[in-house]
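The structure under discussion appears below in the form of C-alpha cells.
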Amino acid sequence: MSVKKVLFITQEITPYVPESELSLIGQNLPQAIQDKGREIRTFMPKWGNVNERRNQLHEVIRLSGMNLIIDDTDHPLIIKVASIQAARRQVYFIDNDDYFQHRLMTMDEEGKEYEDNGERAIFYARGVLETVKKLRWCPDVIHCHGWMSAVVPLYIKKVYSEEPSFRDSKVIFSVYGNGFQSNLVPNFKEQVLLKGIEPADMDMVDDTVNYDELCKLAIAYSDGVVSNSQTVSKKVMDFARSLNKPIVDFCSSDAAYADACDALYDQVLENA
C-alpha cells in the first residue's frame, strides 16, 4: 500500500522564521513530498517572531476555541493559517497567548531558555492533533521535526490510537542536533500524562529530562527515525538502533534526503 497523506508537524519553517537547518527542511521537504504526488498538511507554532501581517496569517474561527488543560490550567487554542501561493500549500499555525504570543522560540531576547518549554511542546502537540481531528483528515504518515514535536509519537500510540483520524497512522521522528541546553522542569513527565498513558510508559526516559531524553521518548513510540543533522547524538541514534527501528541516515543532498524520506513512508506502512 502506498502512502497518500503525510502530516508534517514541524518546529520551524522559512520564510516565517529565520533560515536554519530545521526551518529549511520544514519548507523544502513538504514541498518535495507534495511534488511526488502525496497529499500533505503542515503545522508549526505561531512563534512571536512570525510577522502575521507580512505573511498574511488569519485565524480559522471554526478550528479555534478549544481549551487544553496542562498542569491544571486552561489554555485556549487558536488556529491560524497562511498560504504559500507559488507552492499551492497552506501552513497551519498553533497559537496561544501564554505560550507563543510576544515570545520567541526556544530562548528569549537575552538568550535564556524558557522555563515552560516542556509545557509549550505539550500544548503544541495536543493542539495539532486536536486540529487534525476537527479537519477530519486521516494521515497515513505523521513526520515530526524538532523537539517541539517530540511528545506526538507517545500521544499517537497511547492517547489517540483509537481516533479515526490516527488509528492507522505511522509516525516518523526526525532527530536534529541539540535543540536546547537546559533540563525541562522536574515534573515534566507528570505534565505529559493524559488518559491512556501510564508513568511506566515513559520508563525509557530519565527523570531529569534533557534534549537527548526527549528524543528517546519520541523514538520509542515512532515507527521510523531520520537522522537529520551531522551533529545528532550518537547515544540517541544508538538507542534507535537498539529498538530495530527503520532508520534513514543523514543525507547532505536535498534530493536524496527527500527520496529517502519518501521511501521510508512506504516502508513503515508496509511493516504494519
Open item on the list: Apply salt bridge (charged side-chain N to carboxylate O under 4.0 Å, His left out) to residues D98 and R103 and explain how you reach the verdict.
Closed with: CA-CA 9 Å; D98 297 324; R103 300 176 70 187; over 6 Å; no
Task: Pair N67-H75, side-chain contact (heavy atoms from CB on, under 4.5 Å): steps then yes or no - done: CA-CA 5 Å; N67 279 5; H75 299 277; over 6 Å; no
Open item on the list: For D97 and I78: C-alpha separation, side-chain torsions, deciding distance, then whether side-chain contact (heavy atoms from CB on, under 4.5 Å) applies.
Closed with: CA-CA 9 Å; D97 289 348; I78 302 168; 4.3 Å; yes
- [ ] For the pair N183 and E213, evaluate side-chain contact (heavy atoms from CB on, under 4.5 Å) and give the outcome as yes or no after the intermediate values.
- [x] CA-CA 10 Å; N183 297 326; E213 295 302 306; over 6 Å; no
Task: Evaluation steps, side-chain contact (heavy atoms from CB on, under 4.5 Å), between S227 and V175 - done: CA-CA 5 Å; S227 178; V175 187; 5.7 Å; no
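V50 is listed as a side-chain neighbour of V17, based on a closest heavy-atom distance under 4.5 Å. Side-chain contact between L29 and H143 is present, with heavy atoms from C-beta onward closer than 4.5 Å. Two residues are said to be in side-chain contact when any heavy atoms from C-beta on lie closer than 4.5 Å; D168 and C138 fail this criterion. In this structure, W137 and L7 have side chains that are in contact, with non-hydrogen atoms separated by less than 4.5 Å.
Linking ILVMFWY side-chain heavy atoms closer than 4.5 Å, directly or via other members, places V232 and L24 in two distinct hydrophobic clusters. Cluster membership check: M237 shares its hydrophobic cluster with L217, using side-chain heavy-atom separations under 4.5 Å among Ile, Leu, Val, Met, Phe, Trp and Tyr. Under the 4.5 Å side-chain heavy-atom criterion for ILVMFWY residues, no single connected hydrophobic cluster contains both L104 and W47.
At most 12 non-hydrogen atoms from other residues, nucleotides or ligands lie less than 6.0 angstrom from CG of D207. Residue-environment remark: CD (Q101) exceeds the threshold of 12 foreign heavy atoms within 6.0 Å. Taking a 6.0 Å sphere around CD of Q56, one finds it holds 12 or fewer heavy atoms contributed by other residues, nucleotides or ligands.
A ring-centre distance under 6.0 Å is found for Y16 and F93.
N228 and Y257 share a side-chain donor-acceptor pair at under 3.5 Å.
Between W147 and F180, the ring-plane angle classifies as perpendicular under the 30° and 60° cut-offs.
Cation-pi geometry between R120 and Y114 is satisfied (NZ or CZ under 6.0 Å from the ring centre, within 45° of the ring normal). Remark: K216 is positioned above the aromatic ring of F239, its terminal NZ or CZ atom under 6.0 angstrom from the ring centre and at most 45 degrees off the axis.
If you take CD1 on I219 and CG on L214, they are separated by 10.0 Å, rounding to the nearest 0.5 Å.
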